[in-house]
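Each remark here refers to the structure printed beneath this line.
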Amino acid sequence: MTRSLEAFQRAQRVVPGGSMRQSTWFAPHPPYAMRGEGCRVIDLDGRAIVDCANNFFSLIHGHAFAPVVEAIRDVVGRGTAFGMPTEHETALAETIRARSPRCEQIRFCNSGTEAVMFAVKAARALTGRPAIAKFEGAYHGAYDPVEVSLASDPSNWAGPDGDPAAVAYARGTPPGLLADTVVLPFADADRCAVILAREAHRLAAIVLDPVPSRVGTLPVSSATLDVIRTASRRHGILLICDEVISFRFSEAGAYPLFDLEPDLIALGKIIGGGLPVGAIAGPADRMAVFDHTRGAPAVPQGGTFSANPLTMAAGLAALTAYDAAAAERLSALGERLRARLSAGLAAQGLPAQVTGFGSLFRLHLHATPVRDYRTCYASAAEKQALSAIHLGMLERGFLMTPYCSGALSTPMGEAEIDGIASALLDCAAQTARTHPWEA
Ligand SMILES: Cc1ncc(COP(=O)(O)O)c(C=O)c1O
């Protein structure tokens, strides 16, 4: 028995499902991490694995990055959290603002989920409207309104008049909550325009991740962007840009690359240097909604561990080392990986494709071009084959997400990229024989 299996069996007694996070579990059981080092994680059985999951894209410098370790070490001996502000929080806020001007003011919280939640609350308070619009399939964390239609399927995704239906994610979601989430089709700009015009009177915000992972990890089209900009301007609907993942795309984040002027930006993942983090950012007039110094704020915002000095110091060290050149280098490596994978899959004649943007990639097991959640949706056979590829990659020493997606980290170089590409191509070819997925 492996030490990972032993650890899993022990966990099953105290943890439902044996894993603290749905996302870190896969059958038969995940390997347990012992330690990380650069772009590799060493599991309990001593195997070194190239880490393309990077704790779900939050570790831009991989594991145990020396400047982050140093920054944490420097702070930890002097206390981990205070019922007082520290200068660390201001320093990280200043750093983010200096590189991303639309983040004029910032509030830190503990997760991307909280960041999106507070941004939605802020939009409701600023507009006096109850509803939000989000794209079908898009993941924005575990706040109920943005979970709507996160995992709809062909049996329930068709709504009235062909609009996407608002489908509950968790059982027991109140119907009122579904009524206040308007679901948009990612690749149908014309229909988005119709839906937004019809619902505008009650829409506080459109929540947009410009490269939504579960919608296919592909950039939003310029047509959809045009519709969002126009509807937002014409109807006073605020734009919340969810940059929890996409902040990695450039020194300033994602919004400048997509020519957006978000009212609020939700941040998380890499800005915490590997520790738990989230942030709501935006122009000062929007962020004033959280100002508690002039009586009760429109939106009370806090959190026991928000802006703790460990996270703030780790985040500052991580961002300082992730400058424009580092972001460009990582995006170029991402392009190299996607190009190698696409060429290799075509040469093998497999019904498969690779999507992605910047330093992200994702494998899909069908030839129909992925344009949105529905064209990204994997059939039962494709899901089985994706699981087999995920496990096959692990056997070859590479960890991807269970969706067969990944994110690069700065310790990676061309050798790792080419290693990922050849392992994935080999694994896909083998899986086509053992788990044929074509209908
Ligand atoms: C785009 C996006 N928004 C929000 C979240 C939620 O972040 P967290 O897991 O820190 O709550 C995630 C997490 O993966 C995400 O990918």
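Counting starts at 1 for both ligands and their atoms, in listed order. Heavy atoms only: backbone and side chains are in, while hydrogens, waters and symmetry mates are out.
A salt bridge links Arg198 with Asp163; the closest basic N to acidic carboxylate O contact falls under 4.0 Å. Of the charged side-chain nitrogens involved, none lies within less than 4.0 Å of a carboxylate oxygen, so that Glu104 and Arg102 do not count as a salt-bridged pair. The pair Arg73-Glu70 counts as a salt bridge, with a side-chain nitrogen and a carboxylate oxygen less than 4.0 angstrom apart.
Here Tyr139 has heavy atoms under 4.0 Å from ligand 1 in both its backbone and its side chain. Only side-chain heavy atoms of Val244 come within less than 4.0 Å of ligand 1; its backbone N, CA, C and O stay farther off.
Every atom of ligand 1 with a heavy atom of Ile245 under 4.0 Å away is listed here by number and element: 16 (O). Which parts of ligand 1 touch His140 is read off a 4.0 Å heavy-atom cut-off, strictly below it: atoms 3 (N), 4 (C), 5 (C). Heavy-atom contacts of Asp209 reach the following atoms of ligand 1: 1 (C) (cutoff under 4.0 Å). Atom numbering of ligand 1 starts at 1 in the shown order; those under 4.0 Å from a heavy atom of Ser111 are 10 (O), 11 (O).
When all heavy atoms of Asp51 and Met412 are compared, the pair lying nearest together is O-CE, 3.3 Å.
For ligand 1, the polar-atom distance check against Val277 finds no nitrogen or oxygen pair separated by under 3.5 Å. Looking at ligand 1, you'll find an N or O of Asp242 within less than 3.5 Å of one of its N or O atoms.
Per-atom contact check: atom 9 (O) of ligand 1 does not touch the protein, criterion being a heavy-atom distance below 4.0 Å.
For an aromatic pair to be called close, the ring centres must be under 6.0 Å apart, and Phe357 with Phe249 satisfies this.
Using the six-membered ring where Trp is involved, Phe65 and His61 have ring planes that are parallel, under 30° apart on the 30 and 60° scheme.
Thr368 and Thr375 share no donor-acceptor pair across their side chains, judged by distance under 3.5 Å alone.
Atom 7 (O) of ligand 1 has its closest protein heavy atom at Gly112 CA, 3.2 Å.
Residue contacts with ligand 1 include Lys269, since one of its heavy atoms falls under 4.0 Å from the ligand.
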| said: Using the rule given for side-chain hydrogen bond (donor to acceptor under 3.5 Å, both in side chains), can you reason through Arg248 versus Ser359, listing the C-alpha separation, both sets of side-chain angles and the distance that settles it, and then say yes or no? | reply: CA-CA 8 Å; Arg248 63 164 51 226; Ser359 45; 2.8 Å; yes

